[in-house]
Undergrad: 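Let me begin by handing over the structure; questions about it come next.
Position 1 is the first residue of the sequence, and the numbers go up from there.
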Amino acid sequence: MSVPDRTAPQADLGLTELSAALADGHLSSVAAVTDALDRIEASQPTLNAFRVVRREAALREAAEADARLAAGDRLPLLGVPIAVKDDTDMAGEVTAFGCGGEFRPKTADAESVRRLRAAGAVIVGKANTCELGQLPFTSGAAFGHSRNPWDRTRTPGGSSGGSAAAVAAGLVPAALGSDGAGSVRIPAAWNNLVGIKPQRGRISTWPLAEAFYGLTVNGPLARTVRDAALLLDVAAGPHDGDRHTPAPIDASAAVGRDPGKLRIALSLRIPFTATKTALDPQIAAAVHALATTLRGLGHTVTVADLHYGLLIGASFLPRSMAGISAVRRAMPEAVVDPRTTANARLGRVLGGPVLAAARLAEPPLRKRIGGFFDDYDVVLAPTTATPPPVAEEIDGIGVGATNNLITAACPYTWPWNVLGWPSVNVPAGFTDAGLPIGAQLMGTANAEPTLIALAAQLESELRWDRARPAPWW
């Protein structure tokens with residue numbers, strides 16, 4: 001393995017720029033993929049972002065991409081190295097989903113992977129996630145702790161923490177994650193990234209007709225809105241067996257488009273939780289500063305708290321726990337933490353009639369909360385209540401303490417998973433200690449173009465993409 005030059009300009013190239021460099025012949029796919037693989041492998045002992053690294057297969061695919069480029073083929077991501085999360089099936093690779101144990105390689109690609117490959121992407125590896133995607137930490141007995149590139153003592157978030165760490169560290173220009181309660185938006189917030197939780201069904205979850213009873217969607221993580229939108233466009237689209245199939249959008253076309261003068265509600269209210277929560281004052285100040293920027297861009301921003309009510313939590317918990325139980329049953333060979341076993345047991349209790357009632361609550365919830373959008377176009381809210389915790393805080397504690405810890409840090413994101421609507425995390429600055437802060441732009445059904453246009457407008461003003469962590473990995 002060669003030692004990567006971490007100051008090389010290639011590490012600073014985004015998805016769009018790298019694709020253009022390959023198409024123009026300024027860079028070969030073999031060189032780009034080799035560089036990404038070398039960075040990944042050099043960082044693994046410390047950053048620990050990946051569960052699977054596909055060196056031989058990825059280099060073979062890169063050589064094939066170079067031959068296609070030389071022949072004049074042009075695809076959106078031809079020859080570009082990217083990563084996917086280890087809850088996503090790839091033919092020939094295992095899907096451990098954060099668990100220990102011995103697993104058989106999958107025989108077919110997930111629909112999202114099929115679409116990435118069809119666009120020419122070279123998938124260099126599968127990024128770490130916690131067991132069955134349950135936590136805003138990326139850690140587990142099977143692989144240890146993934147670390148935050150901005151602070152080696154902190155978690156990168158979760159459950160798409162490996163994907164976020166890989167992008168923030170410049171190992172890959174973008175990555176695909178999944179979001180069942182904030183698992184794209186939370187690590188995006190804690191790594192100074194753009195993270196898009198799309199409309200339910202926008203990116204297929206096949207071979208599952210839906211994931212976690214409709215809570216979980218796939219979404220992109222990138223340093224810029226343009227790159228996140230490009231990855232969303234490439235990965236989006238249905239499989240014949242999907243339960244949810246929204247009408248197509250053109251996310252990339254929204255980048256740079258004037259969003260118009262929007263009515264934005266600034267809501268710091270924390271959705272109801274059964275445990276004590278409080279918003280960190282530095283995060284509150286950062287979100288208020290973002291609101292000031294939006295006003296300067298011509299938007300009307302009004303402090304107007306969104307009242308979620310109790311029913312939304314009653315809809316979330318059975319779907320989440322029953323989803324964990326279903327995945328656990330589908331992975332009998334997995335070796336898991338006692339907390340995972342306890343959640344799977346609770347999921348069995350909450351299945352059946354309770355789960356059915358939880359699903360029936362979703363349409364009236366959409367109608368009631370949708371009424372808020374009669375007066376507003378977008379909701380601006382914090383993505384997390386606290387900066388990223390120390391990675392080891394999740395270790396060796398029981399179910400109750402775990403629930404208290406994760407709820408205190410991340411009480412804001414999960415309602416939009418119940419509703420199935422899109423939400424975009426945008427970077428909102430840093431704490432005094434240099435830890436990234438994120439804010440959510442939240443919309444109603446199929447509102448991605450508006451949210452993306454607004455996020456791109458903010459990025460052109462704030463240029464968060466210029467801030468990079470100092471390499472320690």
Undergrad: After noting the C-alpha distance and the side-chain angles of Leu232 and Val234, does the key distance pass the side-chain contact (heavy atoms from CB on, under 4.5 Å) rule?
TA: CA-CA 5 Å; Leu232 175 57; Val234 165; over 6 Å; no
Undergrad: Tell me whether Thr205 contacts the main-chain N or O of Leu208 through its side chain, where contact means a donor paired with an acceptor under 3.5 Å.
TA: yes
Undergrad: For a quick test of reading the model, state the closest non-hydrogen atom pair linking Ala229 to Ile196 and the distance between them.
TA: N-CD1, 4.3 Å
Undergrad: Would you give the length of the straight line joining atom OG1 of Thr413 to atom CD1 of Ile186, rounded to the nearest 0.5 angstrom?
TA: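 Reported to 0.5 Å precision, the distance equals 3.5 Å.
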Undergrad: So, Arg339 and Glu131, do they make that salt bridge, N to O below 4.0 Å?
TA: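 Salt bridge flag = no for Glu131 with Arg339.
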Undergrad: Are any non-hydrogen side-chain atoms of Phe430 and Asn192 less than 4.5 angstrom apart?
TA: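 Sidechains of Asn192 and Phe430: in contact.
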Undergrad: Under a 4.0 Å threshold between the charged nitrogen and the carboxylate oxygen, would Glu333 count as salt-bridged to Arg328?
TA: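 Salt bridge absent between Arg328 and Glu333.
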Undergrad: As a test of understanding, state which of Ser112, Ser163, Ser159 forms a side chain to side chain donor-acceptor pair (under 3.5 Å) with Lys85.
TA: Ser159
Undergrad: For Ala142, does its backbone N or O pair with a side-chain atom of Arg51 as donor and acceptor, under 3.5 Å?
TA: no
Undergrad: Are Val335 and Cys99 packed together at the side-chain level, in the sense that at least one heavy-atom pair is separated by less than 4.5 angstrom?
TA: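 In short, these two side chains do not touch, never coming nearer than 4.5 Å.
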Undergrad: Is any side-chain heavy atom of Pro427 less than 4.5 Å from a side-chain heavy atom of Leu462?
TA: no
Undergrad: Hey, is Arg223 close enough to Asp465 for a salt bridge, meaning N to O under 4.0 Å?
TA: no
Undergrad: Hey, what do you get for CZ (Phe316) to CG (Leu419), rounding to the nearest 0.5 Å?
TA: 12.0 Å
Undergrad: Give the minimum heavy-atom separation between Ala228 and Ala222, together with the two atoms involved.
TA: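 Smallest heavy-atom distance, with atoms named: N-CB, 3.6 Å.
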Undergrad: Show your working on side-chain contact (heavy atoms from CB on, under 4.5 Å) between Leu355 and Tyr213 and close with a plain yes or no.
TA: CA-CA 9 Å; Leu355 175 61; Tyr213 299 99; 3.5 Å; yes
Undergrad: Is it true that a side-chain atom of Asn417 and a backbone atom of Leu215 form a donor plus acceptor pair closer than 3.5 Å?
TA: yes
Undergrad: Identify whether the distance between the nearest side-chain nitrogen and carboxylate oxygen of Arg202 and Glu448 falls below 4.0 Å.
TA: yes
Undergrad: For Pro449 versus Arg257, what's the shortest heavy-atom pair and its separation?
TA: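 That closest heavy-atom pairing would be CB-NH2, 3.4 Å.
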Undergrad: Measuring only between side-chain heavy atoms, which start at C-beta, is Val327 closer than 4.5 Å to Phe212?
TA: yes
Undergrad: Under 4.0 Å between a Lys/Arg side-chain N and an Asp/Glu carboxylate O for Arg226 and Glu459?
TA: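 No, this pair does not count.
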Undergrad: Can you tell me how far apart CG (Leu380) and CG (Leu306) are? Round to the nearest 0.5 Å.
TA: 12.0 Å
Undergrad: Determine whether a donor-acceptor pair (N or O, by modelled atom type, separation under 3.5 Å) exists between the side chain of Ser320 and the backbone of Leu317.
TA: no
Undergrad: Got a salt bridge between Arg200 and Glu362, using NZ or NE/NH1/NH2 to carboxylate O under 4.0 Å?
TA: yes
Undergrad: Could you walk me through whether Val124 and Val53 satisfy the side-chain contact (heavy atoms from CB on, under 4.5 Å) test, starting with their C-alpha distance in whole Å, then the side-chain angles of each, then the deciding distance to 0.1 Å, before giving a yes or no?
TA: CA-CA 6 Å; Val124 293; Val53 180; over 6 Å; no
Undergrad: Could you measure the distance from the CG atom of Asn48 to the CD1 atom of Ile40? Nearest 0.5 Å is fine.
TA: 12.5 Å
Undergrad: So, Arg185 side chain and Val424 main chain: donor-acceptor pair closer than 3.5 Å or not?
TA: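 It does not hold such a pair.
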Undergrad: What I want to check is whether the side chains of Ser178 and Asn218 have a donor and an acceptor closer together than 3.5 Å.
TA: no
Undergrad: Just how far is it from atom CD of Glu392 to atom CD1 of Ile397, taken to the nearest 0.5 Å?
TA: 12.0 Å
Undergrad: Has Ser315 got a side-chain atom pairing as donor or acceptor with Ala358's backbone, closer than 3.5 angstrom?
TA: yes
Undergrad: Any side-chain heavy atom of Val378 sitting closer than 4.5 Å to one from Leu454?
TA: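 Yes - at least one pair of side-chain heavy atoms lies under 4.5 Å apart.
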Undergrad: Less than 4.0 Å between a side-chain N and a carboxylate O, is that true for Lys126 and Glu93?
TA: no
Undergrad: My understanding is that only one of Ile394, Thr155, Thr129, Asn128 makes a side-chain contact (heavy atoms from CB on, under 4.5 Å) with Ser139; could you say which?
TA: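 The residue from Ile394, Thr155, Thr129, Asn128 that satisfies side-chain contact (heavy atoms from CB on, under 4.5 Å) with Ser139 turns out to be Ile394.
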Undergrad: So do the side chains of Ile324 and Gln134 get within less than 4.5 Å of each other, counting heavy atoms only?
TA: yes
Undergrad: Quick check: does any side chain N or O of Gln44 sit under 3.5 Å from a backbone N or O of Phe50, one acting as donor and the other as acceptor?
TA: yes
Undergrad: Please assess Thr340 against Asp337 for the test side-chain contact (heavy atoms from CB on, under 4.5 Å), listing each intermediate value before the final yes or no.
TA: CA-CA 5 Å; Thr340 298; Asp337 187 274; 4.2 Å; yes
Undergrad: Are Asn425 and Thr383 close enough that a side-chain donor and a side-chain acceptor fall under 3.5 Å?
TA: yes
Undergrad: Within this structure, what is the CZ-CZ distance for the pair Arg345 and Arg348, rounded to the nearest 0.5 Å?
TA: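 Here the interatomic distance stands at 6.5 Å.
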Undergrad: Applying the side-chain contact (heavy atoms from CB on, under 4.5 Å) test to Trp190, which of Pro156, Pro436, Pro389 qualifies?
TA: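 Only match with Trp190 under side-chain contact (heavy atoms from CB on, under 4.5 Å): Pro389.
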Undergrad: Set out, in order, the CA-CA distance, both residues' side-chain angles and the distance that settles salt bridge (Lys or Arg N to Asp or Glu O under 4.0 Å) for Arg117 and Asp109, then state yes or no.
TA: CA-CA 9 Å; Arg117 290 186 191 271; Asp109 288 337; 2.8 Å; yes
Undergrad: Could you work out, with salt bridge (charged side-chain N to carboxylate O under 4.0 Å, His left out) as the rule, every residue matching Asp233, not counting sequence neighbours?
TA: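 Salt bridge (charged side-chain N to carboxylate O under 4.0 Å, His left out) list for Asp233, sorted by chain: empty.
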Undergrad: With distance as the sole test, does Gln199 use its side chain to make a donor-acceptor pair with the main-chain N or O of Asn446 at under 3.5 Å?
TA: yes
Undergrad: Mind checking ring-ring contact (aromatic ring centres under 6.0 Å, His included) for Phe372 and listing every partner two or more places apart, or none if nothing turns up?
TA: Tyr376
Undergrad: Does Ser325 use its side chain to pair, donor to acceptor, with the backbone of Ala344 at less than 3.5 Å?
TA: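 Indeed, once roles are kept as given, a pair shorter than 3.5 Å links the two residues.
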Undergrad: For the residue pair Pro422 and Leu451, what are the closest heavy atoms and their distance?
TA: O-CD1, 3.6 Å
Undergrad: Answer yes when Lys197 and Asp179 have at least one side-chain N-carboxylate O distance shorter than 4.0 Å, and no when they do not.
TA: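 So Lys197 does not pair with Asp179 through a salt bridge.
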Undergrad: How close do Leu132 and Met331 get, counting heavy atoms only, and between which atoms?
TA: CD2-SD, 4.1 Å
Undergrad: Is there a side-chain contact between Val426 and Leu290 (heavy atoms, below 4.5 Å)?
TA: yes
Undergrad: What class does the angle between the rings of Trp421 and Phe373 fall in, given that below 30° is parallel, 30 to 60° is tilted and above 60° is perpendicular?
TA: perpendicular
Undergrad: Is it true that Thr431 and Gln282 share a donor-acceptor pair across their side chains at a distance under 3.5 Å?
TA: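 No, no side-chain donor-acceptor contact under 3.5 Å.
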Undergrad: Judged by atom type as modelled, is there a donor-acceptor pair below 3.5 Å linking the side chain of Tyr308 to the main-chain atoms of Ile270?
TA: no
Undergrad: Could you list all the salt bridge (charged side-chain N to carboxylate O under 4.0 Å, His left out) pairs where at least one residue sits in residues 235-246, not counting sequence neighbours?
TA: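 Residue pairs passing salt bridge (charged side-chain N to carboxylate O under 4.0 Å, His left out), neighbours aside: Glu210-Arg243.
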Undergrad: Identify the two heavy atoms, one from Pro149 and one from Pro469, that lie closest to each other, and give their separation to 0.1 Å.
TA: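 Smallest interatomic distance, heavy atoms only, reads O-CB, 3.4 Å.
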Undergrad: Side-chain contact, heavy-atom cut-off 4.5 Å: Leu135 with Thr402?
TA: yes
